Amino acid sequence: MAAATGMVMLLAAALAILAPPARALDRSEFPPGFLFGAATSAYQVEGAYLEDGKGLSNWDVFTHTHSEGIADGRNGDVADDHYHRYMEDVDLMHNLGVNSYRFSISWARILPRGQLGGVNSAGIAFYDRLIDALLQKGIEPFVTLHHFDLPYELETRYGSWLGAGIREEFDYYADVCFQAFGDRVKFWTTFNEPNLFTKFAYMLGLYPPKHCSPPFGNCNNGNSQREPYVAAHNFLMSHAAAVDNYKKNYQAKQGGSIGIVISMKFYEPLTNATEDILAAQRALAFEIHWFLDPIFFGEYPKEMREMLLSDLPEFTPAEKRLLQNKVDFIGVNHYTAIYAKDCISSPCDLNTYEGNALVFATGERDGVQIGEPTALHGFYVVPEGVEEILRYVNQRYENPPIYVTENGYSQYSNNNMEDMINDVGRVNYLQGYLSCISSAIRGGAKVRGYFVWSLMDNFEWRYGFTVRFGLYHVDFTTQQRTAKMSAKWYRDLLMGNGPMDEVRTLRSNS
Ligand code: BGC
């Protein structure tokens, strides 16, 4: 007993040192109707990879055939077993106090073979049950149609996004979803981070179908100078067709909205030399303008055209017409800011995420890091970065409605449960980023919602289960979910209890 009390006191003392400075952040700083949520994606949480008629996806096959590309060699066969435990997970969300849940639909669960094989009614039934359970608890479903996974058959048939045939496949899939779920889903996004996905899949060869070529990487297949832009073009036109269909055939009667989610790092010039200033602009063009300029202005950015010449496709007049349908909002996934160094004036390693922009990204300037590093290589804690990016998007695309669809903090996974649960780093991160988002809103950005990545620890793509992003800890042997300190902090913010009341109580009792 004495030992137990001692432990509690020790823990309380540790928390007192580690806990974030009590800086007030209040829900009332955010506009009425603001969506506060948490996010996941199908492959990362669902598991049940071969159940109830689901077809194999590109990730099912990739993780089994290329386990060397995943840090711990593991896969999402079971992941969080969310397919069977979704009711328990909806309860977690309810207890958290979120009013929205961002999740993605597994294309291979709905159309195991794409258009060819017909709709899998058990797949539709699963998402029906999930959506109904959410709505019953007052939680808005915020649905992504494609979050990196698609039926494996389409990968073999079209090289996933390389063949133009994928456009019709996506259009068909999106239509099945609008028809089946659109009576209840008011927030749709076509794609999650197609800008990141095309680079990882077709430039660096890190994601399926694992294509790349020197100097960007060494793969058995691919052409890193050309394929990412062909794939991106097909993503953009698939997006445009789905938006067109939604606007023409569903929006008026279903009353929902549709957007796209783009990954957005903020790039700061490494030095104030003109070369680095231009490098930062190029990095932003290759990250953000690549997708949003065609969607908003009908053209690829000039920085890309000047560098890529004919490797960058042209939009035909018909494609331009289709692009004229405007998105209702932009989804911003933001995790980090980083310095941009020019690689034109002095050569550097191009086998990196920014290599195609001839930019080298680094977290260090004169030996000082841009922010506290996290468990993901190249991801630092720089809360002001989110304000910069929101201001930037706001100016360039004329004040569009924005949802921050992902923002979160990774910790290295270990078996010390206390260490995992007392995630002070995440609390600091969320508090800092939300404060800066609230400041961006005061500055005029139309931010309408915010989603923490992630609701719970899950399969983190090439990092497997070696890092954890969740508000809830998941024991992947027992599937037990446990609230971390950050879940309690978020709940306190959402319930208006004042941040970190529990931590303060612990502290005052010590
Ligand atoms: C993706 C998520 C991923 C997260 C953290 C985003 O790029 O959309 O699926 O888990 O970042 O790496």
Side-chain angles (χ1 to χ4, degrees), residues 37-47 57-59 62-63 69-72 74-76 79-80 82 101-107 142-150 189-201 203-204 206-208 235 259-266 287-288 290-291 330-338 353-354 361 373-381 385-386 389 403-413 423 425-426 429-430 433 450-472 474 476 486:
T40 64
S41 88
Y43 186 72
Q44 295 179 272
V45 300
E46 281 181 9
S57 77
N58 53 340
W59 277 91
F62 179 72
T63 50
I70 313 291
D72 54 6
R74 292 170 69 188
N75 56 54
D80 294 75
H82 174 72
Y101 173 47
R102 174 172 180 250
F103 64 95
S104 77
I105 294 179
S106 155
W107 188 342
F142 197 106
V143 178
T144 307
L145 289 168
H146 176 273
H147 193 126
F148 303 169
D149 59 326
L150 87 184
T189 63
T190 51
F191 293 109
N192 177 70
E193 302 187 344
N195 56 335
L196 176 142
F197 183 83
T198 44
K199 285 206 228 175
F200 276 18
M203 186 177 102
L204 300 172
L206 299 170
Y207 284 3
F235 265 116
I260 187 167
V261 173
I262 302 295
S263 165
M264 298 193 196
K265 286 186 189 170
F266 186 72
E287 173 87 337
I288 302 174
W290 182 15
F291 277 81
I330 302 176
V332 171
N333 284 2
H334 177 81
Y335 289 85
T336 193
I338 195 144
Y353 186 72
E354 291 78 11
T374 66
L376 236 56
H377 175 70
F379 282 47
Y380 299 86
V381 183
V386 77
I389 211 79
Y403 291 86
V404 176
T405 34
E406 281 180 35
N407 176 240
Y409 175 92
S410 57
Q411 49 185 162
Y412 294 104
S413 182
D423 57 342
R426 182 168 292 110
Y429 180 98
L430 297 178
Y433 277 75
Y450 172 84
F451 296 83
V452 176
W453 184 271
S454 175
L455 173 68
M456 54 194 170
D457 298 334
N458 57 48
F459 178 79
E460 178 49 40
W461 308 116
R462 63 202 171 104
Y463 291 86
F465 296 99
T466 62
V467 300
R468 294 177 178 269
F469 267 98
L471 294 169
Y472 285 87
V474 177
F476 292 104
S486 56

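These values consider heavy atoms only, across backbone and side chains, with no hydrogens, waters or symmetry-generated copies. Here the structure is a predicted model, which is why all the values come from computation and not from measurement. Both counts, for ligands and for their atoms, begin at 1 and track the order of listing.
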Point-to-point distance, once rounded to the nearest 0.5 Å, from CD1 of I262 to OG1 of T189: 10.0 Å

Cut-off 3.5 Å, side chains only: do D72 and T466 have a donor facing an acceptor?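 Per modelled atom types, D72 and T466 side chains form no pair under 3.5 Å.
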
Contact atoms of ligand 1, heavy-atom distance to [X] under 4.0 Å:
X	result
H147	1 (C), 2 (C), 8 (O), 9 (O)
N192	8 (O)
L376	12 (O)

Aromatic plane relationship, [Y] with [X] - under 30° parallel, 30 to 60° tilted, over 60° perpendicular:
X	Y	result
W59	F62	perpendicular
Y429	Y433	parallel
Y353	F200	perpendicular

Using heavy-atom distances only, which candidate in E193, E460, E406 approaches atom 2 (C) of ligand 1 most closely?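 Shortest heavy-atom distance from atom 2 (C) of ligand 1: E406.
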
Backbone or side-chain N or O of S41 under 3.5 Å from ligand 1 N or O: no

For W461 and ligand 1, answer yes if some heavy atom of the residue is under 4.0 Å from a ligand atom, otherwise no. yes

Is Y335 near ligand 1, meaning one of its heavy atoms is under 4.0 Å from it? yes

Would you mind telling me if ligand 1 is within reach of the side chain of N458, the backbone, both or neither, using heavy atoms under 4.0 Å?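 Answer for N458: neither.
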
What's the verdict on ring pair (Phe, Tyr, Trp, His ring centres under 6.0 Å) for F459 and F465, showing C-alpha distance, side-chain angles and the deciding distance? CA-CA 5 Å; F459 178 79; F465 296 99; 5.5 Å; yes

